[in-house]
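First up is the structure itself, then whatever we jot down about it.
Proteins get letters first, then strands, A, B, ... in listed order; numbering begins at 1 in each.
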Amino acid sequence: MFLDFMSEVEGILKEGLDRCGLSVSLENSLDLSPHADLSTTVAFRLSPALKKSPKDIAAEIYSSMGSPSRWVDRAELVGPYINFHMSRSFLDHVVLEAQGEDAWRGRMSGSVIVEHTSANPDGPLHVGHIRNSVIGDTIVRILRRAGYSVESQYYVNDMGRQTAMVVWGCDHLDLDDSKPDHAIARVYIAAHRIMNERPELSAEVDELMRRYESRDPETVEKFQRAAKYAISGIESTLHRMNIHHDSYKWESEFVWDGSVDEILDMLERTGRTVLKDGALQLDLSEEGFEKSLVLRRADGTTLYTTRDLAYHKWKAENYERVVEVLGADHKLVSAQLRTALRILGIKEPEVVIFEFVSLPDGSMSTRRGKFISADELLDEVEKQAYIEVTKRRPEMDEDFRKEVAGKVAVGAVRYDIVRVSADKATMFDWKAALDFEKLSAPFIQYSHARACSILKKAGDLDEFDPGLLRDDHEISLIKKIAEFDLVIDRAARELKPHQLATYARELAERFNLFYRYDPVLDAKPDELRNARLALVRASRNALSATLETLGIEAPESM
RNA sequence: GGACCCGUGGCUUAGCCAGGAUAUAGCACCGGGCUUCUAACCCGGGGGUCGCGGGUUCGAGUCCCGCCGGGUCCGCCA
């Protein structure tokens, strides 16, 4: 929709530039503006080279530009700016297109792998982990919406010391019958405590790790059973938040199938490795890293980084775009990893880094048992949501109120996370988490429910003429609906899901204004009623597509 | 000590990568709106030296340099 309008504007503008003999890239030279539907400031950029005032240049381009087209009504010259306005037929086209479900598919194609969450299987997800999950899952949904074929993947760190600690704990302590990931955490925390008191026992953990790496069958069974048990709990939390992974990739696979050895060979062949104190290291000082990267320990065992290089080689070979979501603590290792991949000539991943979520008294730690679990958060928010639904819809039965509370709770948690740019460090705050005001999912869900309610009461929709939708609220709503594809396109390119959250709020806002000022069911004459009904349906579709892409359910009534 | 990220009204936040026309919203505060399609809504008001100082530019919240404050990282851990 909007992208079609934009393409035509580009064409018209380009014609003007060509006729003036000017060549300038139109990339990023068109902006949304409060003064027009699209606006350009190219004249400013051309000014120094042409030694003419931006105003004169704009006037020259303007007078040579192509004529208005299907979707472009007119361009106007305002000083140094050239502003473009949508045509009536474009607005009509948007309303028509938005009647169907297939209006929301993007133009991109190709395969993408998105790795997210990938928390160690040593306990439940906490409120820090789910920032990764929500950002990751929203990116998955945005990329799918944009047209890509997307595989979402959980990378299981089964070869680390954490997992070995869990296995040792399961060997020596009893798992209680609480949710699997919580039971595993208790064993893991207890194992740490015991190791602190009796450090000599840590040799047993080392032995477990050694046996696992050498693929001792009995040890393999133990590790995988423990990890799978933890993951089953993690998975149920993710499912509750509408997050599903298409596949799980186990770190150990790359050691056992020879990929890690292959990577080590490749690295040695670059001539950039050195043997220092018996350990194989990659010197990255040329690339600006102080310390060299250790690839293989003196005792011959592999390291996380090396296994990760093998994993990335696999990703690069199987997908056109490689995306991963990582916490800020991984910035340095991720940069080193990308540098090593560059040296090897392997495609580097696009890394989305999110800053930390801290508690008022410091950062979270699974090992120390200091965290607020995602389950606890969801339970509390759901409880609060149930109170709110009951207050607002006391006449509805309990099943209804429970169902709505569940959808509102998940939506509120997801929206609260995704609305903030990933590079902002945040502080977890119960008060804010339990607040369902405007900057929150229920605001958007509510708009959707209102639209559904009107459509339900209206019954079947007759023929309609979108040309009758002419007042400010109608037009600004149509324009916002049109913007969906632009937002998806940008968010998919830049991997910034918070842009979609902002859009969702703006869309709901404009629908609410339309709802407030333009009666639909009682509109006279019937032709106007039908046109408005069509706009309600277009809005409902846009809201539901937006919510779906945010991983938030769109209740028809709430 | 070095590297990266952040600093926008009392609090939270968009805009910054690709510099342009009155700086985006929410919460809180003050005031108004339900015989009218769900008031989880809408309207009005007050509140901003865009951390500080330089620089580039016709023009800087946006780019560059320095500083200050906060976060994160700098293991033969993962």
Side-chain angles (χ1 to χ4, degrees), chain A residues 25 27-29 31 33-36 39-41 43-45 47-48 53-54 78-81 83 120 122 157 159-163 251 276-281 288-291 294-299 301-305 307-308 327-333 335-336 353-356 358 363 385 388-389 391-393 404 408 419-427 429 431-432 435-447 449-458 494 496 498-499 501-502 505-506 508-509 512-513 515-523 532-533 536 557-558:
Chain A
S25 162
E27 186 84 10
N28 303 319
S29 64
D31 300 302
S33 154
H35 310 279
S39 168
T40 184
T41 55
F44 286 107
R45 243 179 294 167
S47 173
S53 76
V78 182
Y81 304 94
N83 293 338
N120 287 325
D122 56 16
N157 300 138
M159 299 211 96
R161 196 170 188 86
Q162 283 93 331
T163 311
E251 189 185 9
K276 208 158 68 187
D277 306 324
L280 187 70
Q281 317 203 357
F289 294 100
E290 273 182 63
K291 300 194 174 147
V294 178
L295 303 167
R296 191 179 57 215
R297 292 192 187 91
D299 69 4
T301 55
T302 60
L303 284 111
Y304 176 84
T305 317
R307 302 189 288 264
D308 211 18
D329 52 340
H330 286 74
K331 267 189 233 180
L332 182 61
V333 278
Q336 289 172 324
I353 298 281
F354 67 93
E355 292 292 329
F356 263 52
S358 55
S363 57
E388 294 290 330
V389 188
K391 199 164 28 177
R392 293 163 211 271
R393 302 299 295 275
V404 171
V408 164
R419 53 174 255 265
V420 182
S421 157
D423 43 34
K424 224 101 167 179
T426 60
M427 177 87 82
D429 175 2
K431 193 170 165 287
D435 188 9
F436 304 127
E437 294 294 334
K438 192 175 192 175
L439 209 58
S440 174
F443 175 78
I444 303 147
Q445 292 172 312
Y446 184 63
S447 305
R450 278 176 145 184
C452 289
S453 169
I454 292 177
L455 293 170
K456 199 172 160 194
K457 288 187 176 158
E494 301 173 16
K496 297 206 165 144
H498 76 275
Q499 294 173 346
T502 304
R505 194 205 77 230
E506 291 168 354
E509 243 164 28
N512 283 334
L513 281 175
Y515 183 95
R516 162 71 178 77
Y517 291 102
D518 296 335
V520 177
L521 296 175
D522 294 335
R532 284 189 177 160
L533 269 175
V536 172
S557 175
M558 64 184 276

Taking the same atom, [atom1], in [N] and in [M], what whole-Å distance lies between them?
N	M	atom1	answer
B:rU49	B:rG71	C1'	26 Å
B:rG46	B:rG26	P	15 Å
B:rU24	B:rG48	P	14 Å
B:rU57	B:rG19	C1'	9 Å
B:rC63	B:rC4	P	15 Å
B:rU62	B:rA18	C1'	11 Å
B:rC58	B:rG69	P	35 Å
B:rC16	B:rC5	C1'	14 Å

Interatomic spacing from CD in A:Q281 to NZ in A:K291 - rounded to 0.5 Å: 11.5 Å
Would you give the length of the straight line joining atom CZ of A:F44 to atom OG of A:S53, rounded to the nearest 0.5 angstrom? 9.5 Å
Of the listed nucleotides (B:rU22, B:rC6, B:rC43), which one gets closest to any side-chain atom of A:H35? B:rU22
Paired with [N] by Watson-Crick or G-U wobble geometry, both distances under 3.5 Å: which nucleotide is it?
N	value
B:rG1	B:rC74
B:rU24	none
B:rG61	none
B:rC29	B:rG45

Whether [X] contacts [N] is assessed here as follows: a side-chain N or O lying under 4.0 Å from the phosphate OP1 or OP2. Is that the case?
X	N	value
A:R450	B:rA39	yes
A:K431	B:rC11	no
A:R505	B:rA25	no

For nucleotides 63-78 of chain B, 5' to 3', base contacts (B), sugar-phosphate-only contacts (S) and non-contacts (-) with protein non-hydrogen atoms under 4.0 Å give --------BSSSSBSB
Sequence-distant partners of A:N512, side chain to side chain donor-acceptor pair (under 3.5 Å), two or more places apart: A:S447, A:R450
Sequence neighbours excluded, the answer for side chain to side chain donor-acceptor pair (under 3.5 Å) partners of A:E251 is A:R307
